[in-house]
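Numbering of ligands and ligand atoms starts at 1, following listing order.
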Amino acid sequence: MYIKRKLKLTYVTILITSFLLIILLSNLFMAFIEDNSKYSASAKFGKGNFAFFIGLVTENNKILQKVSSEVLKNPDNFLDHKYLLQLEKSSNIKYTGIVTIVNNKIDYSSNIIKGYINEDMLYSFNSNDTDQVRNKIIILWKQDFVTSTKDKGSIYYIIDLENYKKLFKENVIIVAVLILIILTATNGIITYFVSKSIVKPIKELDKGAGEILKGNLDYKLDIDSSDEIGEVADTFEEMRLRLKESLEIQKHYEENRKELIASISHDLKTPITSIKGYIEGIKDGVADTPDKMEKYVNTILTKANYMDSLINDLFLYSKLDLNKEPFKFQKVDMNVYIRDCVEEINFDLDQNKVNLKFNVPDTPTLLNIDVQKVKRAIMNIVENSIKYKTDERLIIEIILRRYSSNVILEIKDNGRGIPKEALPYIFERFYRADTSRETTIGGSGLGLAIAKKIMDEHNGEISVDSEANVGTSIFLSFKE
Ligand SMILES: Nc1ncnc2c1ncn2[C@@H]1O[C@H](COP(=O)(O)OP(=O)(O)O)[C@@H](O)[C@H]1O
Ligand SMILES: [Mg+2]
């Protein structure tokens, strides 16, 4: 429920409760405090606001019925004071009494009203009147009768107002206390529920904010409400998750950067150290023959080239990682394209005496690719085949095939293969399967990571199948 509605409901409930209690209290006061003669007793008593008034009415009716039946059966009973005393006692209500007038004189009068009753008060009360206030009494009703001896009489049922007033004064304190208790309780209960549904979640929200301030982004808000605070809590929760996510990404980037710096410095240190060594050798005159000098200079060039390619790899990888490398897609026939690619690296392959095999479909295989990037991926893979070959003659097979809606390019070698436990990691940057062996073989561990990034950008996939000492297949899967 919305807070606005909750508050409205609270307001209305308190208003209604107060209103009802005020009506009740004022009714009771009116009956007793105000000028008695002006108000009819029934108007005040008969509405049943109070249990004993209801009781009074029922009791009153019981006696009235009894008297009515007695008038028909045996009116002489009304002359019998013992009978009247009994009749009076049969009423369970306090401060009520009976008065009889026979032949214009008070014949019987209950003790409680004896003191302040006189005939005049009674005479002015007509049979069809009900509930009339007379000074200190209320006459509820009157019933006329004629005895067997033809005596005319009337019987009155009367309330002693003085005593009722006293009773009320005692009761009014109880009522006031009761009203106070009811109001306090209603208010208390409502306040409790409203505060529970408003204050509690706000406190929780405050706690959540405090936790974030402390840097704890794992604290989940415990708020389950559908009001405005619930909406705020939802937004807050989303904010927390986003913040957490962005901090995690930031942390990830930070770690990447550190790792990158560590790897770069490590990988660049080795060739620089040897370049320095060779240059010092030349400086110190160790390369004293033209042959030696050429060897030294060539080594320096090789190392420098290696550093250059390493830096290129790093540069490309970080650009791909940050999505800063633009891709230019164009439609090509893969059959022709692969041959062109491999022709370009043919020079390398020739040097290594590679047996190169092609297996492509007869029909053109059209794909939308970035030709430069895919060439880079293919080159990285072929380079690996060359780097990780065995003593046997290297055979590289390039197979292009369609598989459902994919075009799969397989580059297969008969090299040393990759250990099973290393397979899941070879596409991760800086990962090199056998670091101890591979220190002699240069590499950044970025070749396949770059190929994977390139494939990702093509919505394609890269995968591997390899067996140690048998060979490796790398698959590039493109969507047609
Ligand atoms: N054709 C292959 N034969 C054997 N091992 C391979 C082959 N291709 C990749 N690997 C393994 O996967 C690792 C990761 O390859 P790559 O990302 O190109 O890094 P790098 O070649 O710089 O080491 C290599 O270090 C190597 O251990
Ligand atoms: Mg490589």
Which atoms of ligand 1 have any heavy atom of Gly447 under 4.0 Å away?
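What qualifies from ligand 1 is 16 (P), 17 (O), 18 (O).
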List ligand 1 atoms under 4.0 Å from Leu448, heavy atoms only on the residue side.
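Here the atoms of ligand 1 in question are 9 (C), 15 (O), 16 (P), 17 (O), 18 (O).
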Residue pair [X] / [Y], side-chain donor-acceptor N/O under 3.5 Å:
X      : Y      : value
Glu480 : Ser405 : no
Ser225 : Asp227 : yes
Lys412 : Thr472 : no

Tell me every residue that passes side-chain hydrogen bond (donor to acceptor under 3.5 Å, both in side chains) with Glu204, counting only those two or more places apart in sequence or in another chain.
Tyr219
When only distance counts, is [X] in polar contact with ligand 1, meaning an N/O pair under 3.5 Å?
X      : value
Gly445 : yes
Tyr388 : yes
Ile418 : no

Roughly how far, to the nearest 0.5 Å, is CD1 of Ile411 from CD of Glu397?
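It comes to 11.5 Å.
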Can you tell me how far the CZ atom of Phe427 sits from the CD1 atom of Ile450, to the nearest 0.5 Å?
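Answer rounded to 0.5 Å: 13.5 Å.
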Is the Mg ion (ligand 2) under 2.8 Å from any N, O or S atom of Asn384?
yes
Side chain, backbone, both or neither: the part of [X] lying under 4.0 Å from ligand 1 by heavy atom:
X      : result
Asp413 : side chain
Lys387 : side chain
Thr472 : side chain
Tyr431 : backbone

Using a 3.5 Å distance criterion without hydrogens, assess whether the side chain of Asn335 forms a donor-acceptor pair with backbone atoms of Val360.
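No; judged by distance alone, with no hydrogens or angles, the pair does not exist.
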